Q: 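Below you'll find the structure I mean.
Keep in mind the model is a prediction, meaning the values are calculated, not measured. Chain letters run A, B, ... following the sequence lines, proteins first, then strands; residues in each count from 1.
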There are 2 protein chains.
Amino acid sequence: MPSRKTKSIGPPPPVRAVFPLPFTTVDLVIFTVLDDALQVLLTKRPDGTGEPFPNQWALPGGYVDVDTDKDLLACARRKLKEKTGVLSPYLEQLGSWGSAARDPRGWSATHVYFALMPARDVNLVKGGNAADVAWFTVLEDVRQMHLAFDHDAILESAVERLRSKVEYTSLPAFLLGEPFTLPQLQRVYEVVLGRALDKSSFRTRMLDAGFLKESDFIEGHSNRPAMGYRVVDRKAAVVFPRTFKSREGE
Amino acid sequence: MPSRKTKSIGPPPPVRAVFPLPFTTVDLVIFTVLDDALQVLLTKRPDGTGEPFPNQWALPGGYVDVDTDKDLLACARRKLKEKTGVLSPYLEQLGSWGSAARDPRGWSATHVYFALMPARDVNLVKGGNAADVAWFTVLEDVRQMHLAFDHDAILESAVERLRSKVEYTSLPAFLLGEPFTLPQLQRVYEVVLGRALDKSSFRTRMLDAGFLKESDFIEGHSNRPAMGYRVVDRKAAVVFPRTFKSREGE
DNA sequence: TTAATAGTGTCTATGAGACAGTATCAA
DNA sequence: TTGATACTGTCTCATAGACACTATTAA
């Protein structure tokens, strides 16, 4: 009979329960917009180690380490830093997937987080357990691959969540490095949504929502310079009261 | 990170990994609307069994059973049926909570689902591991309690999710038994949102959204009979293009 | 001056909110 | 006939979408 509220110091017992436990992992869906396309970060599964799905591409992730990870979010942050070097991007829980069949090693459950980050902030970290790390476009590259485990389904769910939230939140701002211009932001919205938006209504919506502050920085990569903006609160997205196209079928 | 063993055919080994695994549980946040109030189903933790939080109220849930549960959803359905007898209510994943501290027995992660059901469908099942099961109003009863584990935080998150979705989806329809009338449905919206809605705009919104079919059944519990409706698709909610009160701070 | 991109103004349509009015029932 | 509830119509206002317009730069 375990006593309350005491975390044991020292080495954990070899067996933690008298019944079998599922494996517990954390996986990450890391998005960016690069070359006018939505891209996702994947890592290659190692070869020759006896691990399942050798040489196949997979979402970055791995086992929860009971000794170092305080909680699931801390575990996600740790893995994020290991792969990208980025410390505090926009990070949100997507959900969890668990079943007897998804991993040949046995019953496993994964807690999935999705992250948004500017491509230029990322410093791809190669080596380690994963042989390789790279960006893949969601619409082209990944369509022609089969990811390891149930990661195809997880990615699909992440893209769906991202798309639907982009319809009524300021999420895309986290995909851009600061400061950014309104036309740049609009392009990101259009890339994720896969359709064009009206310039005028886009500007009013963004500026009225009050989540942007002028960076009093002008930035022109070609002709007339545009106003630069920064996000007021880098931690949370703003929710708009309407979706983008209220008229007719989404 | 230690290497993992491959799954063997035959009886499962007593130890499934050479590194410690977190406990894996599934918890349920079961909502209904009863007596013009949003209510949640809680179970009382057992006493004298050495389990943590004896006699405290908690969300129904428990360990994933690797041998009987095919996946997390199946596990959630099993527990749902055990407590309420209801087989297929509206069921959606809320998220997962995991940390070293939430359960005194050790690192644990719980996968939380939330369910919506008509109160009249529920047959409270007492006994078993949980001594007691009952409905509690979210706004009054639960405010004065302290739930076991981190269930206060989980419930708060579930209520928040429910409220925000009620602003722009047809979710409340799943809290009512069929057929129901539009005034009944409006009352449910108002109870969950905690504010009154305009009758006229409510009716147009609901009927235009096309998720209701006339039950050609008239139901009058007092005066002029109202049209009865049923939900077209009992599995999914409809998303409205706008929130209820677009003008000013929600 | 031209090309290119940034940004604004003007019109229309939609639909929510407000609220008054009508319809249909029980007693 | 009265009261209660179901339901409809009418007005206003906010704002998204469409699209033409002006502004500011580089070459």
Q: Send over the distance from A:Gln186 CD to C:dT5 C1', rounded to a whole Å.
A: 12 Å
Q: Calculate the interatomic distance between A:Met206 atom CE and C:dT8 atom P; express it in whole Å.
A: 15 Å
Q: Does A:Arg205 qualify as a cation-pi partner of A:Phe240, given the criterion of NZ or CZ under 6.0 Å from the six-membered ring centre and within 45 degrees of its axis?
A: yes
Q: From the list D:dT25, D:dA23, C:dA18, which nucleotide is the closest neighbour of the side chain of A:Arg224?
A: D:dA23
Q: So, are A:Arg161 and A:Glu92 salt-bridged, with charged N and O less than 4.0 Å apart?
A: yes
Q: Between B:Arg195 and B:Glu167, does a salt bridge (charged side-chain N to carboxylate O under 4.0 Å, His left out) hold up when you go through it step by step?
A: CA-CA 11 Å; B:Arg195 66 172 193 268; B:Glu167 288 279 359; 3.0 Å; yes
Q: Atom CZ of A:Phe202 to atom P of D:dT15: distance rounded to whole Å?
A: 17 Å
Q: Among the nucleotides C:dC19, D:dA6, C:dT8, which one has an atom lying closest to any side-chain atom of A:Arg203?
A: C:dT8
Q: For B:Pro183 and for B:Ser201, find the nucleotide of DNA chain D with the closest heavy atom, then tell me which residue's nucleotide is more 5'.
A: B:Pro183
Q: Tell me the interatomic distance from A:Asp208, atom CG, to D:dA14, atom C1', rounded to whole angstroms.
A: 11 Å
Q: Just the rounded figure in Å: distance from P of D:dT15 to CG of A:Asp198.
A: 16 Å
Q: Looking at D:dG9, does its base get a donor-acceptor pair with the side chain of B:Ser200 below 3.5 Å?
A: yes
Q: Out of C:dA16, C:dC19, C:dA6, which has the shortest distance to the side chain of B:Arg205?
A: C:dA16
Q: I want to verify a distance call: between C:dA16, C:dG7, D:dT15, whose nearest atom is closest to the A:Arg242 side chain?
A: D:dT15
Q: In this structure, which one of B:Ile30, B:Val122, B:Leu91 forms a side-chain contact (heavy atoms from CB on, under 4.5 Å) with B:Val86?
A: B:Val122
Q: Find the distance A:Arg195:CZ to D:dA16:C1' and express it as a whole number of Å.
A: 12 Å
Q: Can you check whether any acceptor in the base of C:dG15 is under 3.5 Å from a donor in the side chain of B:Thr204, or vice versa?
A: no
Q: Expressed as a whole number of angstroms, how long is the span from A:Lys199:NZ to D:dA16:P?
A: 17 Å
Q: Take the angle between the ring planes of A:Tyr189 and A:Phe202 and call it parallel below 30°, perpendicular above 60°, tilted in between.
A: perpendicular
Q: Side chain of A:Asn223: nearest nucleotide among C:dT24, C:dA4, D:dT8?
A: C:dA4
Q: Rounded to whole Å, how long is the line connecting atom CZ of A:Phe240 with atom C1' of D:dT15?
A: 14 Å
